[in-house]
Asker: 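Encoded as structure tokens, here's the structure I'll be asking about.
Throughout, a chain's letter reflects where its sequence line sits, starting with A, and its residues are numbered from 1. For the numbers below, each heavy atom of this structure counts, side chains included, while hydrogens, waters and symmetry mates do not.
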Amino acid sequence: MSQFWKPGSERPRLIDDEEGGVIFYSSSPSTSSGFGYATIEKQRQRLPVYKYRTAILYLVETHATTIIVGETGSGKTTQIPQYLNEAGWAEGGRIIACTQPRRLAVQAVASRVAEEMGVKLGEEVGYTIRFEDLTNPDTTKVKFLTDGVLLREMMDDPLLTKYSVIMVDEAHERSLSTDILLGLLKKIQRRRPELRLIISSATIEAKSMSSFFQTSKKRKGQTGEDLEPRTDPAILSVEGRGFNVQIHYLEEPVSDYLQAAVSTVLSIHDQEPMGDILVFLTGQDDIDAAVQLLTEEVHNNRKHSGLIILPLYSGLPRAEQDLVFSPTPRGQRKIIISTNIAETSLTLEGIVYVVDSGFSKQRFYNPISNIENLVVAPISQASARQRAGRAGRVRPGKCYRLYTEEYFVKEMSTQGIPEMQRTNLVSCVIQLKALGIDNILGFDWLASPSPEAVIRALEVLYSLRILDDDAKLTSPTGFQVAEISLDPMISKMILSANLLGCSEEIITISAILSIQSIWVSVRGSQKELDEAKLRFAVAEGDHVTYLNVYKGFLESGKSSQWCYKNFINYHAMKKVIEIREQLRRIAQRIGIALKSCEGNTEVLRKAITAGFFANACHLETFSKGGMYKTVRGSQEVYIHPSSVLFRVNPKWVIFHSLVSTDRQYMRNVTAIDPSWLIEAAPHFYEHQRGNPVAY
DNA sequence: GAGCACTGC
């Protein structure tokens with residue numbers, strides 16, 4: 001017992017908790033043997049939501065929309081769909097849907113519910129996520145899916161006619177897809193009064209949610225024989241089952257939260273009983289620094305022995321990430337230093353203490369410059385509560401906030417800004433257009449995006465010839481782009497590749513651009529990584545280099561050994577294969593025949609230009625440090641040192657994306673000929689006087 | 001010669 005789980009040995013068992021979070025357990029599965037149905041039934045009845053069963057069913061029956069506020073551990077996610085099923089909402093071939101923001105949650109909840117119902121997953125209970133449809137159209141009654149998938153389903157069935165009840169879970173997270181979905185569901189309700197919505201949220205934002213779904217228009221008809229539900233939403237609160245978490249604030253604010261976090265961890269270790277510690281910092285830099293400081297402390301000071309210090313962020317290699325789920329050996333204490341990933345996406349077992357820096361990295365979009373920035377910003381009160389809650393899952397815990405109570409009350413916003421208001425909207429706009437919603441600014445949003453952001457999105461789509469002069473989808477380009485589930489600029493690149501005869505290569509590039517990075521992130525062995533990169537690098541730039549990597553991967557027989565030797569992330573490559581396969585299917589459906597350009601990199605780069613012409617840059621000849629300026633907008637930008645064109649500095653380049661730190665760095669860069677710009681987008685470049693493209 | 005919070009289709 002009390003052994004670390006080692007990568008390569010049997011993996012920890014993945015189980016789900018009642019709220020769709022995921023816990024990784026290493027103990028052998030024993031719960032399902034011997035007891036069976038009766039025990040499960042008893043477990044179900046012990047959940048807080050159980051005593052509201054009748055009330056929930058009554059409210060859903062009588063109200064078009066029911067808002068359920070439930071804390072963690074209430075059991076709402078797994079139980080409510082079952083109650084609805086038991087009450088007959090899935091009779092007559094109808095389906096009960098429950099959406100989640102994350103794939104992992106969908107899978108976990110679905111398999112839990114299937115187990116509780118004693119059925120095989122994929123029959124009465126099923127789930128759909130990208131790349132995976134485990135439902136049976138003849139038998140599935142309860143279906144779990146990501147909200148993104150439900151949005152996609154609306155393209156084929158705008159009124160979502162097969163669903164009797166749609167439960168939107170985790171609505172408080174206010175992800176882009178959740179917000180779009182809620183706006184569209186409200187529209188659907190007007191056409192389908194028999195449809196029932198359940199909005200489930202962890203926080204008491206229920207009021208604004210409720211007024212959003214409040215339809216003023218009273219339906220006609222006599223009250224007695226009116227079959228239609230009430231239009232005012234019902235609100236129901238369900239208590240959670242978490243343990244009490246004692247909150248500690250700083251008495252005086254600190255300037256260095258990193259140092260404060262480290263000393264707080266050490267004093268918890270010195271003074272508090274055993275139990276693991278979870279520290280929330282902002283990013284890889286912070287986390288690596290804190291890990292190093294703590295590790296040194298353990299080396300230098302014997303009283304700090306028995307500490308296991310582990311970083312946790314999404315960019316971490318898989319084997320290292322898995323370490324955080326190993327059980328803590330007796331007499332030791334695990335310290336996990338994490339990004340926001342531990343706030344919602346992963347549930348860690350055994351955490352008793354939380355240290356909250358009060359900050360996270362957040363994305364903000366500037367529609368004027370059309371640039372997305374990742375900045376360290378204060379979290380909201382809701383986030384702080386969520387973080388604190390991570391300490392109370394197994395027994396009463398403590399949360400140490402590295403800020404004052406006054407700051408929490410007076411300075412921190414209660415909710416945080418919905419993603420809708422801090423992101424680029426091109427994908428969102430195109431989705432709505434595809435559903436026939438033309439007036440984007442006038443759409444009934446839960447939180448309206450800024451007019452500037454909407455206008456910028458329309459402008460970009462217009463320049464890509466995805467929208468026409470009347471801001472309607474062009475045919476066929478616009479409709480085809482809407483069909484491809486990728487960034488519209490990538491979709492446009494794929495369509496152009498079809499005309500240029502290089503679709504085979506371009507869908508590979510598109511798949512690779514759709515994931516974070518295909519390289520292994522290693523800080524120590526940077527030199528080796530650079531050398532490995534050189535084995536694939538070509539003068540044309542990063543995109544063509546990726547083709548060489550892909551080719552090498554295929555030739556190796558998709559070998560993980562080969563990836564390891566070449567500093568390539570094996571899991572990333574598997575994902576590339578998956579996405580590429582999906583793109584191949586979509587291409588087939590919209591009538592693109594895959595064709596290879598047989599090594600003609602000029603047509604490849606022309607296709608890339610056709611999608612990304614707006615990101616064209618020109619080297620400032622008289623500047624020394626490799627400074628470029630964007631052709632449109634004259635933004636100062638530099639080639640990122642991770643690019644194969646770093647220090648090569650071709651005169652004209654096009655980039656896929658920018659990362660903003662002290663400078664704007666271009667990631668994924670390809671050299672182009674400026675004449676291709678006018679060829680690809682005459683409407684975008686022709687009329688600019690004094691533009692260097694002219695000569 | 002520098003660094004990418006997190007999702008999702």
Asker: May I have the step-by-step check of salt bridge (charged side-chain N to carboxylate O under 4.0 Å, His left out) for R102(A) and E173(A), ending in yes or no?
Answerer: CA-CA 11 Å; R102(A) 279 170 295 277; E173(A) 286 187 24; 2.8 Å; yes
Asker: Of D487(A) and Q362(A), whose nearest nucleotide on DNA chain B comes first from the 5' end?
Answerer: Q362(A)
Asker: Side-chain N or O of R103(A) less than 4.0 angstrom from OP1 or OP2 on dC9(B)?
Answerer: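 Yes, within the criterion.
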Asker: OP1, OP2 of dC6(B) versus side-chain N and O of T339(A): anything below 4.0 Å?
Answerer: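 Answer is yes, contact under 4.0 Å.
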Asker: Name each donor-acceptor pair under 3.5 Å that joins a side chain in residues 369-379 of chain A to protein atoms two or more places apart or in another chain, with its distance.
Answerer:
residue	atom	partner	partner atom	Å
S369(A)	OG	N366(A)	ND2	3.4
N370(A)	OD1	Y365(A)	OH	2.6
E372(A)	OE2	T423(A)	OG1	3.4
E372(A)	OE2	N424(A)	N	3.4
N373(A)	OD1	S660(A)	OG	2.6

Asker: Round to a whole Å and report the spacing from CZ of F646(A) to C1' of dA2(B).
Answerer: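 It works out to 8 Å between those atoms.
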Asker: Distance check needed: dG8(B) P versus D147(A) CG, whole Å only.
Answerer: 10 Å
Asker: Would one find a side-chain N or O of T146(A) under 4.0 angstrom from OP1 or OP2 of dC9(B)?
Answerer: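 Result: yes.
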Asker: Which nucleotide sits closest to the side chain of P641(A): dG8(B), dA2(B), dA5(B)?
Answerer: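 Among dG8(B), dA2(B), dA5(B), the one nearest the side chain of P641(A) is dA2(B).
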Asker: How is R130(A) classified with respect to the nucleic acid when contacts are heavy atoms under 4.0 Å: base, sugar-phosphate, or nothing?
Answerer: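 R130(A): base contact, heavy atoms under 4.0 Å.
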Asker: Using 30° and 60° as the class limits, which term best fits the ring planes of H656(A) and F612(A): parallel, tilted or perpendicular?
Answerer: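 Rings of H656(A) and F612(A): perpendicular, as their planes differ by over 60°.
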Asker: Atom CG of L312(A) to atom C1' of dA5(B): distance rounded to whole Å?
Answerer: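 One finds 12 Å between C1' of dA5(B) and CG of L312(A), rounded.
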Asker: From the list dA5(B), dC4(B), dC9(B), which nucleotide is the closest neighbour of the side chain of K361(A)?
Answerer: dA5(B)
Asker: Looking at the side chain of S485(A), which of dG8(B), dC9(B), dG3(B) is the nearest nucleotide?
Answerer: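 Between dG8(B), dC9(B), dG3(B), the one nearest the side chain of S485(A) would be dC9(B).
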Asker: I need the CG-C1' distance between D286(A) and dG3(B), as an integer number of Å.
Answerer: 13 Å
Asker: Could I get the full list of ring-ring contact (aromatic ring centres under 6.0 Å, His included) partners for Y665(A), not counting sequence neighbours?
Answerer: H640(A)
Asker: Please report the distance, rounded to the nearest Å, between CG in L486(A) and P in dG8(B).
Answerer: 15 Å
Asker: For the pair made of CG in L658(A) and P in dG3(B), what is the distance, rounded to whole Å?
Answerer: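 The distance from CG of L658(A) to P of dG3(B) comes to 14 Å, rounded to the nearest Å.
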Asker: I want to know whether Y257(A) and F359(A) have ring centres closer than 6.0 Å.
Answerer: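 Here the rings of F359(A) and Y257(A) have centres that are less than 6.0 Å from each other.
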Asker: Cation-pi between R667(A) and F655(A): NZ/CZ under 6.0 Å from ring centre and within 45° of the ring axis?
Answerer: no
Asker: Between dG1(B) and D530(A), counting only base atoms on the nucleotide and side-chain atoms on the residue, is there a donor-acceptor pair under 3.5 Å?
Answerer: yes
Asker: How long is the line joining CE of M420(A) and C1' of dG8(B), in whole Å?
Answerer: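 After rounding, the reported distance stands at 14 Å.
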Asker: Contact class for F131(A) vs. all strands (heavy atom < 4.0 Å): base, sugar-phosphate, or nothing?
Answerer: nothing
Asker: How many whole angstroms separate atom CD of E343(A) from atom P of dC6(B)?
Answerer: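 Those two atoms, CD and P, are 12 Å apart.
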Asker: Tell me, yes or no, whether the heavy-atom count around E581(A) atom CD, taken from other residues, nucleotides or ligands under 6.0 Å, exceeds 12.
Answerer: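 Correct, the count exceeds 12.
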Asker: Any base atoms under 4.0 Å from L374(A), or only sugar-phosphate, or nothing? Heavy atoms, all strands.
Answerer: base
Asker: Using the side-chain heavy atoms of H640(A), tell me which of these nucleotides is nearest: dC9(B), dA2(B), dC6(B).
Answerer: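 Looking only at heavy atoms from C-beta outward on H640(A), the closest nucleotide is dA2(B).
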Asker: Please tell me if S314(A) has a side-chain N or O lying less than 4.0 Å from either OP1 or OP2 of dC6(B).
Answerer: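 Result: yes.
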Asker: Is atom CD of E620(A) surrounded by more than 12 heavy atoms (other residues, nucleotides or ligands) closer than 6.0 Å?
Answerer: yes
Asker: Name the stems with DNA chain B in them: runs of three or more consecutive Watson-Crick or G-U pairs, distances under 3.5 Å?
Answerer: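 DNA chain B stems: none present.
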Asker: Categorize I129(A) for me: base, sugar-phosphate, or nothing, with a 4.0 angstrom heavy-atom threshold over every strand shown.
Answerer: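 If one applies the 4.0 Å heavy-atom cut-off, I129(A) turns out to touch the sugar-phosphate alone, with no base involved.
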